[in-house]
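I have placed the structure first, in the form of structure tokens, so that the comments after it can refer back to it.
Lettering of chains follows the sequences in order, A, B, ..., and the numbering in each one begins at 1.
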Amino acid sequence: MFSNFDFGVIIRALPYLFYEGMTFTLMLTGLAAFGGLVFGTAIALMRLSGYKVLGRIAGVYVDFMRSLPLVLVIFWFYFLVPYIGQWLTGASRPISVGAFASSLITFIMFEAAYFSEIMRAGIQSISRGQPAAASALGLTYAQTMRYVVLPQAFRNMLPVLITQTIVLFQDTSLVYVLSITDFLGAASKVAQRDGRLVEMYLFAAIVYFTISCIASFGVRRLQARIAIIR
Amino acid sequence: MIEISHVNKWYSPTFQVLTDCTTSVTKGEVVVVCGPSGSGKSTLIKCVNALEPFQSGDISVDGTKVNDPKTNLPKLRSRVGMVFQHFELFPHLKIIDNLCLAQEKVLGRAHDNSVTKGMQLLERVGLKEQAQKFPAQLSGGQQQRVAIARALAMDPIVMLFDEPTSALDPEMVSEVLDVMVDLAREGMTMMVVTHEMGFARKVANRVIFMDRGEIVEDAPKDDFFGKPRSDRAQKFLSKILSH
Ligand SMILES: Nc1ncnc2c1ncn2[C@@H]1O[C@H](COP(=O)(O)OP(=O)(O)O)[C@@H](O)[C@H]1O
Ligand SMILES: [Mg+2]
């Protein structure tokens, strides 16, 4: 199998793989992590708000998202969003949404369910005396969350949030179902075109593995540092 | 300054934590609240700035009714300083930023002004050199002095203390009490939950003794230490003064 292993294929494809494929993958990962964190924090605050209805809605949302395979959500969302858009805006034809926008929204919604549980644990890890002290100084509920509770919850949960983002980084490869040129998609296109499946998929695996490993190593060092500060 | 009248509070339908509590703190007065653990001292003092709600009775601070739904609670609380047993400094902020946060976000002070004010107060509690450190880098006594400075930065009209020295190692108690004694002598209105009877003797005008959610004794300091009228207060005093 390795007798006619061709490194040249990989090297010639590098610019395409990284400029197109990896740029897309990293952009999708970064934007989805950011959006998922913001939306997830909002869901966590709803669940902890003390308003039963709000909390119930948020809880159902989280459970729903966590019981569906991601690849199905990506797939369905891509085909459904144009019709939902049409229905919402009352347009006469389905609204066309690019594959990038569609997959980004999907990942944000999906990751929000996971990030919300992490942020909820982070918020609950803050002792009740902290918001009490903030209130006693005259800060409103929103200010207490914004300046006292959420920064601490975020800092305490940073290692877990990054670990979840590493999972997200790997999961973005599922956009292949939409024939998007992310890193794996780019590798797969070259593999098909040149008939070099072994080289390209092996190389893709090594790249995902290396990046995830370095990030995990970074998380462990970060954890050690946070442990010292606290 | 603080008027507490006929306050009742239940934590659950079967558990009444405060029973018909009535007392007051006038301007410039220092009132010490003592009593056995679990008697409701913390709960009572937290009702004063509405950190805890109560079901019946009235509390007003400087003429503003705390239990009126129309009262702007954040605004009221910004004028009532509070110091907690466990300091509750914000661990993610530097000492100086602990002092500036509420000055800027609540009072709308410019950053320069709040830093100047913060540094003055840190100097006053003897911690100017620690301004750029984080709370975890300070000793308990230092943290509690920062917490007092943080409350004073809001120019409060009254200060509430909930057992400010009971989480401290013994050798750090006096550095915190010294700051509080100075504050009392400058005329600050104070309501202090504490078992430090030395502090009470030195600066208190009145002493309140609570037991099982009731105010059992409310007397001028000399009367309280001279001849407490109730058995429960006498027993409590003999216990804490014997060692
Ligand atoms: N949030 C709460 N929910 C239910 N019970 C409480 C709560 N906080 C305090 N208690 C109970 O109320 C009683 C009075 O508490 P507290 O005011 O803290 O007393 P003290 O400060 O005098 O020790 C205690 O029995 C305590 O267990
Ligand atoms: Mg207490």
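Neither the backbone nor the side chain of B/H86 has a heavy atom closer than 4.5 Å to any heavy atom of chain A. Only the backbone of B/L89 comes within contact range of chain A, judged by heavy atoms closer than 4.5 Å. Interface remark: A/Q130 contributes backbone and side-chain atoms alike to the contact with chain B (heavy atom separation under 4.5 Å).
Ranking A/I126, A/L139, A/V148 against chain B, the residue ahead of the rest is A/V148, based on heavy-atom pairs under 4.5 Å. Ranked by heavy-atom pairs under 4.5 Å with chain A, the list B/M82, B/K105, B/Q103 is led by B/K105.
Figure legend: cation-pi geometry between B/R150 and B/F90, with NZ or CZ positioned under 6.0 Å from the six-membered ring centre and within 45° of its axis.
Using a 3.5 Å distance cut-off with no hydrogens or angles, the side chains of B/Q85 and B/S166 do pair a donor with an acceptor. For the residue pair B/S60/B/E3, the side-chain donor-acceptor check at 3.5 Å is not satisfied. B/S56 and B/N8 share a donor-acceptor pair across their side chains, judged by distance under 3.5 Å alone.
The shortest side-chain heavy-atom distance between B/M188 and B/E29 does not fall under the 4.5 Å cut-off.
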